[in-house]
Amino acid sequence: MELSRRTVIAGAAAAGVAATAVGGTAHATGGRKPVKELFGKLADGTKVYRWSLENGGTRMKVLSYGGVVQSLELPDRRGRYANVSLGFDDLDDYVASSPYMGALIGRYGNRIDKGRFTLDGKAYQLSVNDGENTLHGGAQGFDKRVWDVEPFAGGSDVGLVLHYTSVDGEMGYPGTLKAKVTYTLTRDGDWRIDYEATTDKATVVNLTSHVYWNLAGEGSGTIEDHELSIAASRYTPTDAGLIPTGELAKTAGTPFDFRRAKPIGRDIRAAHPQLITAKGFDHNWVLDKGITDRPEHIATLRDPSSGRTLKIATDQPGLQFYSGNFLDGTLTGTGGRTYRQGDALCLETQHFPDSPNQPSFPSTVLRPGQTYRTTTVHSFGV
Ligand code: GLA
């Protein structure tokens, strides 16, 4: 976390805790083991746990259900904490009606046209759950699975290792996919996600995280004042079902140009056909850096009111920026307030949507013997 020493100590005083417990590089708590508690039970009796982690000034609560980030607390410029990630108090809300709040997404983040694809000459039909398409892995994706969770606290990092094995044919995907996701809170308060997967048959995979951010605090209102930059000169326009047409369109001269930071609300009501179709921003940006060996900085989100910032680095080629268009006031969050359209945004690092049907997009095929590996780092500051 990019905090001045003064901010850290002021923050500690405001929060009524010892300065050493808050963090910042000079005060890293490093090594405090995540704490586990029972969160709830699924209808079949399966227990769901909640883990609390803290490091470098960042506090986080994670569920074994869906690997959900239930809350993520950050200090503002005066050291006052707020939960900047939308979520629910009860497991029932996650099970009944969650639009992927805070969850891990798999096996395939984003949409696959009509839930169909062909691999090595064989046709597959996936679970269809978004009109005629497959979204975020199908009806029972990784966001609705209970993960095995192991805590760790070593050196200056704390974190959780989450495992889930998806059986051959689950939701229609070929191969037994063994997924391992590591959430790390670093001594600087960064949240790093390392994804890994292996398979025993050729398959497709595209894992991501679906946190809904509101840097002013969940339930505090619109994110249209947040300033966003995305290092992308192209994006993938879609058809009415939000499936990419295959074109890599230029962002220059369009509302999709976020190469220089601008408020999200500035162009969101422009009469651009792509904004009308998606009811706002809900597109994949083609990152200029392409696929990289290491995570590189690709986007910055800043809330002018609190001063909180989020920087995202990834090795992935794409970023889905979704401006919370389908939030409609029917869900009540952890703070007791309802979530309305534009009350949060998602920044999902990923391969492009529908890649299994788009030969010109970077491949999402994983074969036996290969290991899928990707990393995204969220760095917070004020
Ligand atoms: C993703 C999609 C959106 C929407 C949300 C969940 O971000 O791109 O279209 O489906 O998930 O509501």
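In each ligand, atom 1 is the first atom listed, and ligand 1 is the first ligand listed.
Residues lining ligand 1 at a heavy-atom distance below 4.0 Å are given as Pro99, Tyr100, Arg111, Leu135, His136, His210, Tyr212, Leu242, Asp282, Gln320, Tyr322, Phe326, Glu348, ordered by chain and residue number.
The number of heavy-atom neighbours closer than 6.0 Å to NZ of Lys262, taken from other residues, nucleotides and ligands shown, is above 12.
Comment: Arg367 engages Asp120 in a salt bridge, judged by a side-chain N to carboxylate O separation of less than 4.0 angstrom.
Using modelled atom types and a 3.5 Å distance limit, the side chains of Arg192 and Thr376 yield no donor-acceptor pair.
Partner Thr176 forms a side chain to side chain donor-acceptor pair (under 3.5 Å) with one of Asp200, Asp168, Thr203 and no other, that one being Asp200.
Judged by the 6.0 Å and 45° rule, Arg59 forms a cation-pi pair with Tyr81.
Residue pairs meeting the side-chain hydrogen bond (donor to acceptor under 3.5 Å, both in side chains) criterion with at least one member in residues 83-97, sequence neighbours excluded, do not occur.
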